[in-house]
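Following: one structure in structure tokens, then a few remarks.
When a residue number appears, it is its place in the shown sequence, counting from 1.
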Amino acid sequence: LTFEVTILGSSSARFTADRFQTSQILNHNERYFLIDCGEATQIQLSKYRFSFQKIDKIFISHLHGDHYFGLIGLITTMHLLGRTKELSIYGPKGLKEILEIQLNYSETTLNYPLIFSETNPDKAETIYEDDKLSIISFPLKHRIPCTGFRFTENPKVRNIIKENIPFNLPPLQILELKKGNNISWEGETLIADFCTSKPKKSFSYSFCSDTIFDENLIENISSSDWLYHEATFLHNMLERAQKTYHTTALQAAQLAKNADVRGLLIGHYSSRYHHLEDHLAEAKSVFSNTLIATEGLKVDISS
Ligand SMILES: [Zn+2]
Ligand SMILES: [Zn+2]
């Protein structure tokens, strides 16, 4: 089962020669979720060979341009490529209106349904769930309403070990064993632990951009396998970070540590930084399993 994030853009408000505004694509078992959609997203999707039409859900954290200015272009390209299946967009209040104005004034009628869901900047909410995955949005503390997202795999079921079951069991009894419950059948007790394999671990990925350092985030990101957190500045610019509601590399690492995540991915670097070794060193001094988000980087959430 694939659970992998690819970084499409790692920069903050301004791009640099090799860093673009925030965007990531999450592949969960060949379902594709786009998280934020900075200006270069279409180009980056093409570069790393992602099919636009496989994306069915897009998540936008907030309405600063570096997180969604690529959206109208991507939506239009999907239309030009002949898309007919619906596209869901989860994002803040105002996004629907902005996109509709752009489509109306260009007299574009999309060939496919665009479904909007407004995120709640005040409290955590489940915004999507199915039998494999659940997705929540949760508040980030930024200059304008902003949310993070957490993608969590549902608990996986146990698998039957056929050779350990001497009977042909009806579906109801099989289901009980898969749930981990012992059953009685034809006068014998069947032990779930013996008749089924332990369920595989479920994994989760949390995304936080943009936000001031905020320990209240912990309740929503705790024990994520991987956490993406912005690290716009180095810690010697703490004052600037606080004033602009951003985070330093050191603070991102502190949060990762306190939230007990397995791995930390930092990004959203200010364009003033020409290299990122200092961000990495600073974060690693607090949380060793840190990676620097760079364009094209793939991180396996399940490893
Ligand atoms: Zn930003
Ligand atoms: Zn922002």
Side-chain angles (χ1 to χ4, degrees), residues 5-16 19-26 34-41 59-69 91-92 119 121 137-151 205-218 220-221 224 226-259 261 263-273 276 278-284 286-287 289-295 297 299:
V5 66
T6 302
I7 304 300
L8 303 173
S10 72
S11 195
S12 59
R14 286 169 53 199
F15 65 91
T16 70
R19 303 203 300 259
F20 306 101
Q21 287 100 336
T22 303
S23 187
Q24 313 186 346
I25 186 162
L26 191 64
L34 187 71
I35 313 170
D36 277 350
C37 189
E39 215 178 307
T41 303
F59 302 84
I60 301 294
S61 62
H62 67 302
L63 293 184
H64 282 150
D66 52 322
H67 297 262
Y68 85 101
F69 277 176
T119 47
S137 66
F138 54 89
L140 299 178
K141 210 188 267 183
H142 196 39
R143 301 196 299 280
I144 60 172
C146 187
T147 68
F149 300 101
R150 178 173 180 153
F151 301 78
Y205 178 62
S206 296
F207 171 88
C208 298
S209 181
D210 305 352
T211 183
I212 199 168
F213 175 74
D214 180 10
E215 298 229 273
N216 291 323
L217 294 188
I218 290 173
N220 292 311
I221 63 174
S224 295
W226 279 86
L227 164 68
Y228 169 86
H229 198 286
E230 72 129 292
T232 308
F233 298 103
L234 290 171
H235 204 64
N236 60 10
M237 292 198 71
L238 177 62
E239 214 176 300
R240 174 102 182 122
Q242 287 170 332
K243 210 168 148 187
T244 55
Y245 285 78
H246 285 300
T247 305
T248 69
L250 194 81
Q251 289 178 315
Q254 194 64 56
L255 202 71
K257 190 178 170 186
N258 296 352
V261 303
L264 169 68
L265 191 53
I266 54 172
H268 197 266
Y269 321 107
S270 162
S271 58
R272 78 191 66 223
Y273 300 110
L276 303 166
D278 295 342
H279 280 74
L280 184 61
E282 195 173 281
K284 278 193 164 208
V286 173
F287 189 82
N289 193 19
T290 300
L291 288 179
I292 285 282
T294 51
E295 278 63 9
L297 176 76
V299 178

**OP:** Take the angle between the ring planes of His64 and His142 and call it parallel below 30°, perpendicular above 60°, tilted in between.
**Re:** perpendicular
Subject >> Nearest atoms (heavy-atom pairs only) where Cys208 meets Leu227 >> reply: SG-CD1, 3.9 Å
**OP:** Please answer whether the main-chain N or O of Ala40 pairs with a side-chain N or O of Gln21 as donor and acceptor at a distance below 3.5 Å.
**Re:** no
**OP:** Answer yes or no: is there a donor N or O on one side and an acceptor on the other, between the side chain of Thr294 and the main chain of Leu297, under 3.5 Å?
**Re:** no
Original post:
Is a donor on one side and an acceptor on the other found under 3.5 Å between the side chain of Thr247 and the backbone of Ala231?
Top reply: no
**OP:** Look at the side chain of Thr147 and the backbone N and O of Pro139, then say whether any donor-acceptor pair between them is shorter than 3.5 Å.
**Re:** no
**OP:** Grab the two heavy atoms, one from Tyr228 and one from Tyr205, that are nearest each other, plus how far apart they are.
**Re:** CB-OH, 3.2 Å
**OP:** Sort out for me which residue in Cys37, Ser209, Pro92 forms a side-chain contact (heavy atoms from CB on, under 4.5 Å) with His67.
**Re:** Ser209
Original post:
Would you call Thr290 and His279 a side-chain contact if the rule is heavy atoms closer than 4.5 Å?
Top reply: no
Original post:
Would you find a donor on one side and an acceptor on the other, under 3.5 Å apart, between the side chain of Arg143 and the backbone of Tyr245?
Top reply: no
Original post:
Can you tell me how far the OG atom of Ser224 sits from the CG atom of Leu264, to the nearest 0.5 Å?
Top reply: 10.5 Å
Original post:
Above 12 or not: heavy atoms from other molecules or residues under 6.0 Å from OH of Tyr273?
Top reply: yes
**OP:** To the nearest 0.5 Å, tell me how far His229 NE2 sits from Leu255 CG.
**Re:** 5.0 Å
Original post:
Just wondering, do Phe213 and Thr248 contact through their side chains at under 4.5 Å, heavy atoms?
Top reply: no
Original post:
Under a 4.5 Å cut-off applied to non-hydrogen side-chain atoms, are Phe207 and Asp36 in contact?
Top reply: yes
**OP:** Quick one: list whatever passes side chain to side chain contact (heavy atoms under 4.5 Å, CB included) with Asn289, sequence neighbours left out.
**Re:** Trp226, Phe287
Subject >> Any donor-acceptor pair under 3.5 Å from Gln24 side chain to Ile35 backbone >> reply: no
Subject >> Nearest heavy atoms of Gly38 and Ser23, plus distance in Å >> reply: N-CB, 4.0 Å
**OP:** Indicate yes or no for a side-chain donor-acceptor contact from Asp66 to the backbone of Ser11 under 3.5 Å, with no hydrogens or angles considered.
**Re:** no
Subject >> Spacing of CD1 belonging to Ile292 relative to NZ belonging to Lys284, to within rounding of 0.5 Å >> reply: 9.5 Å
Subject >> Residues that Asp278 engages under side chain to side chain contact (heavy atoms under 4.5 Å, CB included), provided they are two or more places apart >> reply: Leu234, His275
Original post:
What is the minimum heavy-atom distance between Val286 and Lys257, and which atoms define it?
Top reply: O-CD, 3.7 Å
Subject >> Arg14 atom CZ, over 12 foreign heavy atoms within 6.0 Å >> reply: no
Original post:
Rounded to the nearest 0.5 Å, what separation is found between the CD1 atom of Ile25 and the CD1 atom of Ile7?
Top reply: 11.5 Å
Original post:
Looking at CG of Leu140 and CZ of Phe149, how far apart are the two atoms once the value is rounded to the nearest 0.5 Å?
Top reply: 8.5 Å
Subject >> Considering all heavy atoms, the nearest Asp210-His62 contact >> reply: OD2-NE2, 3.4 Å
Original post:
Are the side chain of Thr232 and the backbone N or O of His268 linked by a donor-acceptor pair below 3.5 Å?
Top reply: yes
Original post:
Looking only at atom types and distance, does a side-chain atom of Glu230 sit under 3.5 Å from a main-chain N or O of Thr211, one as donor and one as acceptor?
Top reply: yes
**OP:** Starting at CD of Gln254, measure out to NE2 of His235 and round the result to the nearest 0.5 Å.
**Re:** 9.0 Å
Original post:
Do you know which two heavy atoms are closest between Glu295 and Leu8, and how far apart they sit?
Top reply: CG-O, 3.4 Å
Original post:
Looking only at atom types and distance, does a side-chain atom of Thr119 sit under 3.5 Å from a main-chain N or O of Gly91, one as donor and one as acceptor?
Top reply: yes
